[in-house]
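Residue numbers begin at 1 in each chain, while the letters A, B, ... track the order of the sequences.
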Amino acid sequence: MTDAPKPNDTAVDALSEKHAGQELARLAEVLARANDAYHTQDAPDLTDAEYDALKRRNTKIETRFPHLKRSDSPSDQVGAVAAAGFQKITHAVAMLSLWNAFTDDDVVEFDRAIRKYLGLSAITELTYTAEPKIDGLSLSLRYENGALVHAATRGDGATGENVTTNARTIADIPEELAGAPDLLEVRGEVYMSHVDFEALNTRQAEAGDKTFANPRNAAAGSLRQLDATITAARPLRFFAYAWGALSQPLSDTQLGAIDRLAELGFQTNPLTALCDGPDAMVAHFRKIEAQRATLGYDIDGVVYKVNDLAWQSRLGFRSTTPRWAIAHKFPAELAWTRLDGIDIQVGRTGALSPVARLHPVTVGGVVVSNATLHNEDYIAGRGADGGTIRDGKDIRVGDWVQVYRAGDVIPKVADIDLSKRPDAAQPYDFPETCPQCDSPAVREDGDAVRRCTGGLICPAQAIEKLKHFVSRGAFDIEGLGAKQVEQFFTDGWVKEPAHIFTLNARYGSGLQQLQNREGWGQKSANNLFQAIDDKRQIAFNRLLFGLGIRHLGEAAAKDLARHFVDWASLAQTVDLAAGEPALKDTAKAALDQSPGWQELLSIDGVGRTLVHSLIAAFTNNEERASFDRLLKELDVQPLEAASADTPVAGKTVVFTGSLEKMTRAEAKARAEALGAKVAGSVSAKTDLLVAGPGAGSKAKKAAELGIETLDEDGWLALINDA
DNA sequence: TATCCTCGAGTTCC
DNA sequence: CTCGAGGATA
């Protein structure tokens with residue numbers, strides 16, 4: 001496959017405009033035929049490498065003659081896949097992201113919060129490691145009995161892509177480890193040095209291939225090559241800085257563990273230091289910042305971690321980040337450019353979101369042409385950022401604006417140069433009707449966003465709702481992403497979720513024929529129908545989340561699914577509540593008159609706003625009918641099991657009195673990590689009371705209700721089995 | 001009632 | 001990733 005016929009690259013430069021047009025037509029035809037062969041038969045007529053080479057040639061001609069790009073250009077094909085892509089790997093231990101610090105005060109606050117959580121006094125010794133945060137992409141390497149068995153990208157943190165073959169080509173990644181634990185997952189960053197990046201771009205340019213915007217993209221692009229021989233030719237490097245699953249600890253300190261990784265043969269960062277507190281951490285940060293330009297590779301900050309691993313494990317994790325680490329980021333890069341226009345996007349809930357169309361400008365190594373403008377007040381210079389960053393100046397089309405990438409990702413407007421404001425520039429007039437459906441767009445009292453009132457009449461809302469329905473946390477149908485949903489909607493095939501499940505019956509044969517030219521063949525159509533059928537069995541919480549009811553997110557969907565078991569009982573209770581007067585406050589006798597509301601509000605995490613929203617959705621005839629049509633197609637399963645198999649899973653625990661071996665926050669977090677629910681007061685629903693010294697009324701009440709009660713040691717003994 | 005924390009919704013670029 | 005708002009808590 002590697003010695004596929006090379007397209008004649010020099011010829012592209014020599015191509016006349018006329019011949020370029022003909023060549024694009026030829027490539028469109030050849031690639032379409034290849035796609036068709038790939039999707040409809042099991043025997044592709046081109047190898048992957050040949051296919052890639054032709055596609056690259058096509059892109060190259062399009063880059064040279066942009067106006068010749070065809071409407072059926074192979075570069076825009078939806079279903080066109082050159083190869084199957086990478087397999088998924090589920091991380092044994094999730095790869096989390098880090099909480100960020102932007103100021104010195106944030107670092108002091110980090111230290112303070114940790115001391116508070118652990119119950120340490122201000123003078124107890126607490127040291128941290130500080131190391132540069134490499135701007136690359138994280139990788140997890142799994143070694144069994146000293147041999148590398150697989151390498152996975154971070155992905156969404158829970159599941160990544162299997163890039164083992166590619167990782168093996170990186171010199172810094174050992175194939176074998178001597179003296180390592182039987183099981184060891186090493187985590188670190190794949191990156192590219194500045195010199196290697198420049199050289200690679202020069203080579204790419206000479207070969208007529210695309211160049212990379214920055215070393216990070218070059219590293220990411222190189223690691224995710226389907227052809228490992230390409231990865232091997234790219235100068236990637238690797239720094240190890242953490243670990244996942246282990247059969248035995250590497251050390252009892254963070255620094256010790258890093259040293260151990262170095263002994264095992266990994267590169268570790270030489271600027272890693274031990275700091276005895278916030279002052280030393282900030283000092284090290286300044287030192288690294290001063291060396292930033294001469295390091296030879298990109299970094300975007302400094303990472304601090306609690307050095308003592310026993311303390312790390314006591315601190316544990318918030319939902320997506322560890323409590324024992326933080327990334328201190330360098331100030332964001334800024335760039336000036338012109339604001340060419342303001343467009344309004346309409347979201348799933350009807351929210352009108354203004355987006356800045358910018359004259360393209362490079363910020364932090366990436367070309368930015370859009371930026372979020374949040375909402376009406378933000379443009380007018382009111383609201384949080386408006387006041388503090390740009391002194392309340394309003395944003396006008398034609399302005400010179402300074403942009404930055406918040407958290408190095410989301411482009412935002414930081415400032416405006418009033419001296420360059422065109423005389424004709426007018427304050428932005430925020431639309432009061434939906435730009436998509438002309439329905440009135442209203443702002444409710446105290447609300448920052450203006451919303452289209454069109455509901456499902458509004459095509460934008462309908463499409464966004466469908467995209468949400470097929471999204472990852474909801475139905476997650478393979479092969480049916482945002483692009484496909486949008487296409488099906490415009491074609492009139494799928495107007496609501498139920499239509500996805502009747503697609504085959506209604507358009508099965510039509511789909512196979514009609515879509516042939518657009519990248520769908522019989523094979524991919526069959527795959528899609530199979531993927532859809534696979535999701536007819538769906539967990540109740542995923543269904544609820546997928547419906548796209550306002551304020552009903554992933555967490556609330558789980559809470560409801562846990563309480564109601566099935567659709568019918570939820571619907572019954574919501575219908576009941578709909579017939580009752582809305583509850584204004586929960587402490588009144590009115591509760592007894594509104595059993596529906598009472599039941600819903602009794603669910604932890606469900607408040608009045610969500611109940612209103614549920615009632616609105618269930619009493620809307622159109623929406624209710626569409627729910628019913630959908631349910632006919634589905635086989636709804638109970639809530640997905642959480643961390644089962646712990647002694648306290650699913651139990652409601654209450655802590656009272658003073659705890660001596662851990663703080664309250666710590667106890668709560670540990671209990672929740674084990675699948676328990678922590679409540680504040682004892683009721684009939686309480687399963688277990690943990691009472692420390694000084695327990696008062698709660699212990700008494702628990703005794704009256706006959707609830708099991710443990711002291712702190714008893715609790716620790718119980719959970720330590722887990 | 002005020003304060004803290006978590007969740008939901010929206011966004012960009014690769 | 002960030003902001004705003006909802007919900008829990010003191």
Side-chain angles (χ1 to χ4, degrees), chain A residues 97-100 102 113 116 135 137 153 210 212-224 300 318-321 323 327 329 332 343-358 360 362-378 383-386 388-389 403-413 443-451 460-461 464-465 467-468 471 473 545 548-559 585-586 600-613 664-665 668-669 672 677-681:
Chain A
S97 49
L98 293 177
W99 193 247
N100 292 324
F102 295 100
K116 188 175 164 202
D135 193 11
L137 64 155
T153 61
K210 76 167 185 128
F212 296 98
N214 55 53
R216 207 204 89 87
N217 288 356
S222 301
L223 190 69
R224 297 187 70 260
D300 56 1
R318 286 173 290 247
S319 53
T320 59
T321 57
R323 284 193 191 83
K329 304 296 269 297
D343 285 348
I344 301 285
Q345 296 184 348
V346 182
R348 151 170 86 84
T349 62
L352 303 193
S353 310
V355 178
R357 301 300 176 198
L358 305 166
T362 304
V363 192
V366 176
V367 177
V368 166
S369 42
N370 302 307
T372 176
L373 293 175
H374 284 118
N375 56 48
E376 216 166 330
D377 286 351
Y378 186 85
D385 261 20
T388 53
I389 299 188
V403 295
Y404 69 106
R405 298 203 305 146
D408 273 343
V409 183
I410 314 282
K412 289 187 158 197
V413 173
R443 234 181 118 168
E444 267 159 43
D445 246 9
D447 220 347
V449 297
R450 189 174 281 280
R451 290 197 152 81
Q461 285 192 54
E464 294 305 314
K465 269 204 161 191
K467 285 185 188 167
H468 172 79
S471 69
F545 176 59
I549 294 169
R550 188 134 90 99
H551 301 123
L552 208 182
E554 263 179 305
K558 277 186 186 157
D559 294 338
D585 66 284
T586 52
L600 288 162
L601 291 178
S602 75
I603 302 165
D604 213 1
V606 176
R608 267 162 276 167
T609 314
L610 174 54
V611 177
H612 273 298
S613 194
R664 190 61 67 91
K668 183 169 192 275
E672 282 170 353
K677 253 189 130 86
V678 177
S681 60

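B:dG8 atom P lies 18 Å from atom CD of A:Glu464, rounded to whole Å. We find that CG of A:Leu552 is positioned 20 Å from P of B:dT6, with the value rounded to whole Å. In this structure, A:Arg550 places its CZ atom 10 Å from C1' of B:dA9, rounding to the nearest Å. If you take CG of A:Asp377 and C1' of C:dG4, they are 12 Å apart, rounded to a whole angstrom. Rounded to a whole Å, the NE2 atom of A:His374 is 8 Å from the C1' atom of B:dG10. The OH-P distance, from A:Tyr378 to B:dG10, rounds to 18 Å in whole Å. Counting to the nearest Å, the C1' atom of C:dG7 and the CG atom of A:Asp604 are 9 Å from each other. In this structure, A:Asp300 places its CG atom 13 Å from C1' of C:dC1, rounding to the nearest Å.
Note on A:Val355: only backbone sugar-phosphate atoms sit closer than 4.0 angstrom, heavy atoms only; bases stay farther off.
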Q.
Quick one, A:Val346 with A:Leu352, criterion side chain to side chain contact (heavy atoms under 4.5 Å, CB included). Give me CA distance, side-chain angles, the key distance, then yes/no.
A. CA-CA 5 Å; A:Val346 182; A:Leu352 303 193; 3.7 Å; yes

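When each of B:dT11, C:dC1, B:dG8 is scored by its nearest atom to the side-chain atoms of A:Asn100, the top-ranked nucleotide is C:dC1. Of all nucleotides listed (C:dG6, C:dG7, C:dG4), C:dG4 comes nearest to the side chain of A:Ala448.
For A:Ala351 and A:Val368, each mapped to the nucleotide of DNA chain B holding its nearest heavy atom, the one lying further toward the 5' end belongs to A:Ala351. Comparing A:Glu554 and A:Val346 by the nucleotide of DNA chain B whose heavy atom lies nearest to each, the residue mapping closer to the 5' end is A:Glu554.
Nearest heavy atom pair, residue A:Pro354 against residue A:His374, reads CD-O, 3.3 Å. Closest of all the heavy-atom pairs between A:Arg550 and A:Leu610 is O-CD1, 4.1 Å.
Between A:Thr349 and the phosphate of B:dA9, there is no side-chain N or O to OP1/OP2 separation shorter than 4.0 Å. Within the 4.0 Å cut-off from OP1 or OP2 of B:dA9, at least one side-chain nitrogen or oxygen of A:Arg348 is found. Dashed line: the shortest gap from a side-chain N or O of A:Ser369 to OP1 or OP2 of B:dT12 is not under 4.0 Å. Phosphate proximity of C:dC3 to A:Lys412: present, with a side-chain N or O under 4.0 Å from OP1 or OP2. Contact annotation: A:Asn370 side-chain N/O to B:dC13 OP1/OP2 distance is under 4.0 Å. At B:dT11, one or more side-chain N or O atoms of A:Gln345 fall inside 4.0 Å of OP1 or OP2 (strictly under the cut-off).
Annotation: salt bridge (Lys or Arg N to Asp or Glu O under 4.0 Å) contacts of A:Arg357 (sequence neighbours excluded): A:Asp343.
In this structure, A:His612 and A:His551 have side chains that are not in contact, with every pair of non-hydrogen atoms separated by 4.5 Å or more. Residues A:Val366 and A:Asn214 are in side-chain contact: their nearest non-hydrogen atoms beyond the backbone lie under 4.5 Å apart.
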Produce the list of close N/O pairs, under 3.5 Å, pairing protein atoms with atoms of nucleotides 1-4 of chain B; give distances to one decimal.
none

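Checked by atom type and distance alone, the side chain of A:Ser613 never pairs as donor or acceptor with a backbone atom of A:Thr609 at under 3.5 Å.
Salt-bridge check for A:Arg216 with A:Asp300: failed, with every basic side-chain N at 4.0 Å or more from each acidic carboxylate O.
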